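Below you'll find the structure, written out as structure tokens, and then a few comments.
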2 protein chains.
Amino acid sequence: MDISKILDHIHQLPEQSKFALQNNVTEIAFSKGHILLKANKIEPNIYFIKKGLVRAFIERDNEVTFWFGKEGETVISMKSYVEDQPGYETIELLEDCELYELKTENLRKLFSEDVHIANWGRKFAEKELIKTEERLISKQFKNASERYLELMKDHPELLQRVQLGHIASYLGITQVSLSRIRAELK
Amino acid sequence: MDISKILDHIHQLPEQSKFALQNNVTEIAFSKGHILLKANKIEPNIYFIKKGLVRAFIERDNEVTFWFGKEGETVISMKSYVEDQPGYETIELLEDCELYELKTENLRKLFSEDVHIANWGRKFAEKELIKTEERLISKQFKNASERYLELMKDHPELLQRVQLGHIASYLGITQVSLSRIRAELK
DNA sequence: TTCATTTTTTATCATTTGTTAATTTTTTTC
DNA sequence: GAAAAAAATTAACAAATGATAAAAAATGAA
């Protein structure tokens with residue numbers, strides 16, 4: 001998905017503002033397994049995924065995957081982006097990826113100068129918020145097997161592209177538990 | 001907490017922009033038990049809590065509380081605010097409340113006109129996002145008893161102001177389960 | 001292909017949380 | 001302050017999920 005479409009998909013921008021954003025974006029590619037973003041560091045960039053798939057995970061005793069990003073989505077350490085604090089997530093490429101890189105510093109400058117871009121940034125945060133809120137509510141309401149069915153319905157392609165250990169972790173259960181759930185659904 | 005302080009606490013605003021916002025705010029009071037916001041309706045206002053305590057819950061078989069709001073916090077149906085869609089939450093006053101009311105429609109107008117207010121709105125969404133993300137991660141990582149301890153640590157006053165049934169529901173467990181956890185901690 | 005490695009499934013038992021019902025404690029109302 | 005109502009706790013059993021280990025299946029490398 002190309003940068004112009006990605007930006008517009010977040011929130012429609014006047015041509016001039018879109019160009020201003022695009023001018024600050026550079027293309028970059030990494031291969032599967034690359035660690036794009038490390039936990040406990042302030043991350044100076046955000047990325048838009050042109051092609052490929054990534055996951056965000058947190059390391060404690062075990063790795064817990066809490067987000068997948070695919071074409072058109074934004075890779076961002078919210079803590080870095082919002083609070084200039086080190087984030088808790090590591091981002092790993094699950095496939096070879098082509099990315100658009102944008103320096104947070106430059107983006108902030110654009111936010112302060114251009115009301116359209118400020119509102120674009122507002123819309124971005126708002127949409128991410130809705131998604132996160134829905135996941136929280138899903139977790140509050142549904143048991144593991146319902147959450148699995150929901151994921152199958154909303155993002156069926158993930159099951160093809162991501163190994164089940166990561167899916168289980170994303171659903172908040174163990175891989176063994178997910179296997180059991182899948183067996184019961186047959 | 002008065003409106004000027006609430007607005008600045010979200011994100012510092014130049015005086016002129018702050019006045020523009022304040023001019024669109026009206027004070028209003030309701031007593032304990034009042035339903036401020038109904039599920040499945042598009043809510044045309046947002047509210048800032050001057051004084052009091054509210055909860056957001058979703059009704060299925062049972063009520064599930066998923067948010068508490070106290071002095072200084074913002075009462076908002078994200079679905080209404082962001083997508084102009086009916087929200088899933090009902091908001092109930094747990095104490096007599098004094099509120100500041102702001103029409104979403106007016107706020108949107110200010111967003112489009114004033115870059116400072118647009119960035120204020122961006123900051124608001126970003127901060128809410130960080131909070132929601134942290135809760136999601138807490139839910140992914142911690143068991144019920146750890147989440148209870150975390151709540152005691154971060155918001156000890158809630159335990160004084162809110163009955164345990166709501167707390168249990170917020171933690172994603174049954175009241176009976178919470179009682180068991182509390183008994184074990186003694 | 002074939003062997004080695006990784007991923008997924010299955011099985012067993014332990015632990016956590018849910019459900020229902022009864023009891024105790026606290027709060028509200030008269 | 002007593003009675004009624006609401007909230008919180010306790011107990012017993014059920015269901016869901018976790019942990020560990022072993023087996024089977026899928027994937028990747030030589």
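Chain letters run A, B, ... following the sequence lines, proteins first, then strands; residues in each count from 1. The structure presented is a predicted model; accordingly, all values stated were derived computationally and were not measured. Note: hydrogens, waters and symmetry copies are ignored here, and every other heavy atom, side chains too, is used.
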[X] has a side chain; which of [options] sits nearest to it?
X	options	result
A:R180	D:dT10, D:dA19, D:dA12	D:dA19
B:Q175	C:dT10, D:dA8, C:dT17	D:dA8
A:S179	C:dT17, C:dT8, D:dT17	C:dT8

For A:A20 and A:I117, which heavy atoms make the closest approach, and how far apart are they? CB-CD1, 4.2 Å
If I compare all heavy atoms of A:E92 with all of A:G33, which pair ends up nearest, and what's the gap? CG-O, 4.2 Å
Under 4.0 Å between a side-chain N or O of [X] and OP1 or OP2 of [N]?
X	N	value
B:R182	D:dT9	yes
B:T174	C:dT17	no
B:S177	C:dG18	yes

Whole-Å gap separating [atom2] ([N]) and [atom1] ([X]):
X	N	atom1	atom2	answer
A:Q163	C:dT6	CD	C1'	8 Å
A:L178	C:dT7	CG	P	15 Å
A:K142	D:dA16	NZ	C1'	18 Å
A:F141	C:dG18	CZ	P	14 Å
A:E184	C:dT10	CD	C1'	12 Å
B:R147	C:dT16	CZ	P	14 Å
B:I167	D:dA8	CD1	C1'	13 Å
B:I173	D:dT9	CD1	C1'	14 Å

salt_bridge(A:K79, B:E134) N-O dist < 4.0 Å: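 Yes, this pair counts.
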Quick one: do the A:T90 and A:E59 side chains pair a donor with an acceptor below 3.5 Å?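 No, A:E59 and A:T90 have no side-chain donor paired with an acceptor closer than 3.5 Å.
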If you find the nucleotide of DNA chain D closest to A:G172 and the one closest to B:G165, which residue's nucleotide is nearer the 5' end? B:G165
Are more than 12 heavy atoms from other residues, nucleotides or ligands located less than 6.0 Å from atom NE2 of A:H34?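 It does: A:H34 NE2 has more than 12 such atoms within range.
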